[in-house]
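To keep things clear, I will list the structure first and then write my remarks on it.
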Amino acid sequence: MTTYLLGVLVSISIFSFLSIGLQLLMGYAGLFTIAHAAIFGVGAYTSAILSMQFGFGFFPSLVCATAAGAALSAVVSLPSLRVTGDYLILVSFGVQELLYSLYINLDDVTGGSGGLQRIPRPEIFGLSIVDPWQYLILYGLFLLAVVWLLYKLVNSPFGLLLKAVREDEIVLTSLGKDVLALKVSAFVISGALAGMAGCFFASYYTFIEPGSFAVEVSVLVMSMVLIGGMGTLWGGLAGAALLIALPEALRFLPFSTDMLGPLRQIAYSALLVLFCFVRPAGIIREKR
Amino acid sequence: MTLFLQLLVNGIYVGSIYSLLGLSFAAIFSTSKVWHFAQGSIYSAAGLIILLLSNYTNIAVAVLLCIPLTAMAGWLCQTALYEPLLRRGTSLILLVMASLGVGGVVQNVMALIFGPSQQTLILDIGGPYFIGGVIVSTAQIIAPLIALVIVGIAVYIVKRTRSGRFVQALIVDEELLTLQGVSATPIRRISVMLGSAILPIPAGLLMLSGSGVSPYSGLSATLIGAMAVFLGGINSLGGAALGGLIIGITENLAVYFVPSEWQTAVSYTIFFAFILLRPAGLFGYRIVRTGL
C-alpha cells in the first residue's frame, strides 16, 4: 500500500511540472494552448530514445528533453506573433494532432502505437534510482528547485508583465513593452518544463506510448491549472495533486476495470465544467 | 496517372465529408464566436447512434432520426452552457475549457456505452464501379452529391433569404444588429442548432465507406472543421465548405508524394503555411478579436 501511495505522489510530482508550466502560460500570460501534451511527449521520446539508442545518461537526456520541449514550444508560439488568440487555439490544436500522429506513425523512431519499452532508470553518480521513494526524492528536489526559481520569476517585473499580457496587450504595446518577446519567453519556459516532465515520466514508468501524450492529457493539465487556481503557482501544484489523487479513489469502488478509464475521464471533465460554473477562479485564488 | 486519379477520387470523397464538417463548424463559430469543441463529440456520438440504429433500419433513416438529436444537443450546448457562462462574464479561455469538458463527458459516456474501440458498419450498397481505370465506390459517388446539395441549400438560405440576411448581419457585426432592435440570441441559437443538425450526415457518409467511428474520433473532426473554416474564410459558410474540400483533396494527394505516415503532417504544414501568409482565409476578411 505504501508503494502504491508513493507511486501516486511521484505521479503528482511529474504532473506538477506540467501544470506549473501551463500555469505560467495560461494562468499568468493568458495564452491558450492545447499542445502541452505533445510537448510533454517530445520530452519523453527524446530522453527515451537518447538513453536507449545512444546511451545518454540521465542528466544529459534530461537537458536534451528540456531543450527539445522549449524549442517545440517556441515553434507553437509563432502564430501569436502575427494574429489573434483564435489562431493560437487552432495552431496549438494542429500541432498537438500532428505530433500525436507522428508518435503513432513513425514506427522506427517512436515504436508506433506499441511505444518504447525498457527505458533505463536513472543512475545518479553511481546510485540507481529504482524504488518509488527514491524517485520521489529525486523529482521532489527538482520540483523544489523549479518552484523556487519560478517563484522568483513571477514575483519579478517579468511576472507582472506576463499578467499584463493577459489583461490588456494593447496597453503594454503602447507603453513600449516588447509583447512578442514576453509571449515567446512564456512559451519557451513552459515548454522547457513540459520537456523535463517528459524525461521524468519516461524514466519512472520505463514505458511510453502515444496515448499518454494525446489531446486528452492536454485537457487534463488544463483542468489542473483551472481547478487548482489560475494565476498562482500553488494553484498549479494543488490542481495536480487533486486531479491525480481524486480519481485514484475510483479504483477502490466496485467498477470493472474497463470502465475505469472512461469513468476517470468523466470525473475529470465533469469537475472541469463544474468549476467553470461554480468557481472559475479555481481553488487557490490569485492575489490581486 | 491512374494512381493520381484514384487519390483524387478519394480526396473528393473525404473532402465532401470535411466540407460538411467545415460548414457545421462555420455555422456555429461565425455566429457564436465560441470554440465549440463539444461539436466533435456530438459528431462521433451521432456516428455511434447511427451504427446502433442501423441494426433496425436502413442507414438513410438512421441518419434522419439522428438529425433532431444532434440539433437538440447543439441547442442545449448553446443555451445551457455557453450563454449562462457568457452572462457571468467568463473569459473565452474558460469557455473553451467548459466546451472541452462537456465534450469529454459526452465522448466518455459514449465509450462506456459503446466501448472505446472503433466500430464499423458493414453495408452492401452496390459494388465499386470502374470508370476510366479508376475504382469508384458507391459511397464515393454519393458523398460529393449530398455534400453539394447541403452546402448549396445552406449558402442559398444565407445569401438569398430574409432570415439568411439576419445571420449574415450577426456574423459581421452583432452590435450593429442589436442596435437595429433585432435580438441576436434566437438567430444565434438557431444557427448553432442547424450547424449541429448537419452532423449526422458526414457521420453517415463516413460510415458508408466502411470507415470506423470511435467515441474518441470527435476532436480530430472538430480540428478539421476549424481548419476548413480558417482556410476558407472565417465569415463565409461557402468558403468553409470549399476549405474542407481542399483539405480532403490535399490530404489524399499528399500520399502521391510522401509516404503515408507523413500524410497528416504534410497537409497540416501546408495549411499552417497558408494561414501565416493569408490569415483571413480564401474568402474571409480580417477578424477583429484582439485578445483571448
Side-chain angles (χ1 to χ4, degrees), chain A residues 26 30-32 34 78-79 81-91 93-102 104-107 112 165-170 214-216 218-220 222-223 225-226 230 258-259 261-277 280, chain B residues 29 33 35 37 81 84-85 88-113 115-116 215-216 219-220 222-224 226-227 229-230 234 259-265 267-269 271-272 275-276 279-280 286-292:
Chain A
M26 273 180 47
L31 298 164
F32 181 92
I34 201 169
L78 282 176
L81 303 184
R82 281 195 65 182
V83 286
T84 73
D86 287 310
Y87 289 95
L88 204 49
I89 298 183
L90 186 66
V91 171
F93 198 177
V95 168
Q96 168 68 42
E97 289 291 302
L98 198 153
L99 280 166
Y100 181 68
S101 82
L102 287 180
I104 289 190
N105 289 319
L106 293 183
D107 285 4
V165 170
R166 178 186 69 198
E167 297 299 328
D168 199 328
E169 249 180 75
I170 300 183
V215 69
E216 285 80 18
S218 284
V219 180
L220 175 64
M222 276 199 263
S223 317
V225 170
L226 179 77
M230 295 258 264
D258 23 286
M259 285 174 74
L263 273 176
R264 225 174 155 139
Q265 294 283 28
I266 294 180
Y268 291 142
S269 312
L271 208 60
L272 180 61
V273 179
L274 188 73
F275 265 79
C276 282
F277 272 96
Chain B
F29 184 66
K33 310 285 192 277
W35 278 84
F37 281 109
L81 184 68
L85 282 177
R88 289 155 204 252
T90 331
S91 65
L92 286 161
I93 282 192
L94 277 150
L95 271 172
V96 172
M97 296 219 259
S99 185
L100 285 167
V102 166
V105 171
V106 170
Q107 79 183 15
N108 283 286
V109 166
M110 288 292 130
L112 282 177
I113 299 176
Y216 299 108
L219 276 178
S220 337
T222 307
L223 176 61
I224 293 184
M227 278 168 58
V229 167
F230 279 77
I234 297 141
S260 55
E261 305 101 72
W262 293 96
Q263 181 184 16
T264 331
S267 54
Y268 281 13
T269 316
F271 169 74
F272 293 143
I275 283 297
L276 276 176
R286 251 183 347 107
I287 43 175
V288 255
R289 199 149 59 176
T290 45
L292 190 66

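Residue numbers begin at 1 in each chain, while the letters A, B, ... track the order of the sequences.
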Top of M230(A), R264(A), Q265(A), M26(A) for chain B proximity - count of heavy-atom pairs under 4.5 angstrom: Q265(A)
Stepwise side chain to side chain contact (heavy atoms under 4.5 Å, CB included) test for L92(B) and F32(A): CA-CA 10 Å; L92(B) 286 161; F32(A) 181 92; over 6 Å; no
Considering all heavy atoms, the nearest F272(B)-L90(A) contact: CE2-O, 4.5 Å
Minimal non-hydrogen separation, A270(A) against V105(B), with atom names: N-CG2, 3.7 Å
Exercise: identify the closest heavy-atom pair between G101(B) and S269(A): O-CB, 3.1 Å
For P84(B), side-chain contact (heavy atoms from CB on, under 4.5 Å) partners two or more places apart: F277(A), R87(B)
For chain A, the option from L95(B), T90(B), L100(B) that forms the most heavy-atom pairs under 4.5 Å: L100(B)
Exercise: identify the closest heavy-atom pair between P262(A) and N108(B): CA-OD1, 3.4 Å
Atom group of I224(B) that falls short of 4.5 Å from chain A, counting heavy atoms: neither
Residue M227(B) versus chain A: region with a heavy atom under 4.5 Å: both
Contact class of L102(A) relative to chain B, heavy atoms under 4.5 angstrom: side chain
Q107(B), part contacting chain A, at a heavy-atom distance under 4.5 Å: side chain
Heavy-atom pair with the smallest gap, counting every atom of L219(B) and F93(A): O-CZ, 3.3 Å
Top contributor to chain B contacts, counting heavy-atom pairs under 4.5 Å, from L271(A), I266(A), V273(A): I266(A)
Under 3.5 Å side-chain donor-acceptor pair for W35(B) and D86(A): yes
Contacting moiety of E216(A), where chain B heavy atoms sit under 4.5 Å: side chain
Pick from L81(B), L85(B), V102(B) with the largest number of heavy-atom pairs that fall under 4.5 Å of chain A: L85(B)
V215(A) vs Y216(B) side-chain heavy atoms within contact, under 4.5 Å: no
Minimal non-hydrogen separation, M97(B) against L272(A), with atom names: O-CD2, 3.3 Å
Top contributor to chain A interface from L223(B), L112(B), T269(B) [non-hydrogen pairs under 4.5 Å]: L223(B)
Inter-residue atom distance T264(B).OG1 - Y100(A).OH, 0.5 Å rounding: 11.5 Å
Close side-chain approach of L106(A) and W262(B), heavy atoms under 4.5 Å: yes
Aromatic plane relationship, F230(B) with Y87(A) - under 30° parallel, 30 to 60° tilted, over 60° perpendicular: perpendicular
Per-residue contact mode, V109(B) against chain A (heavy atom under 4.5 angstrom): both
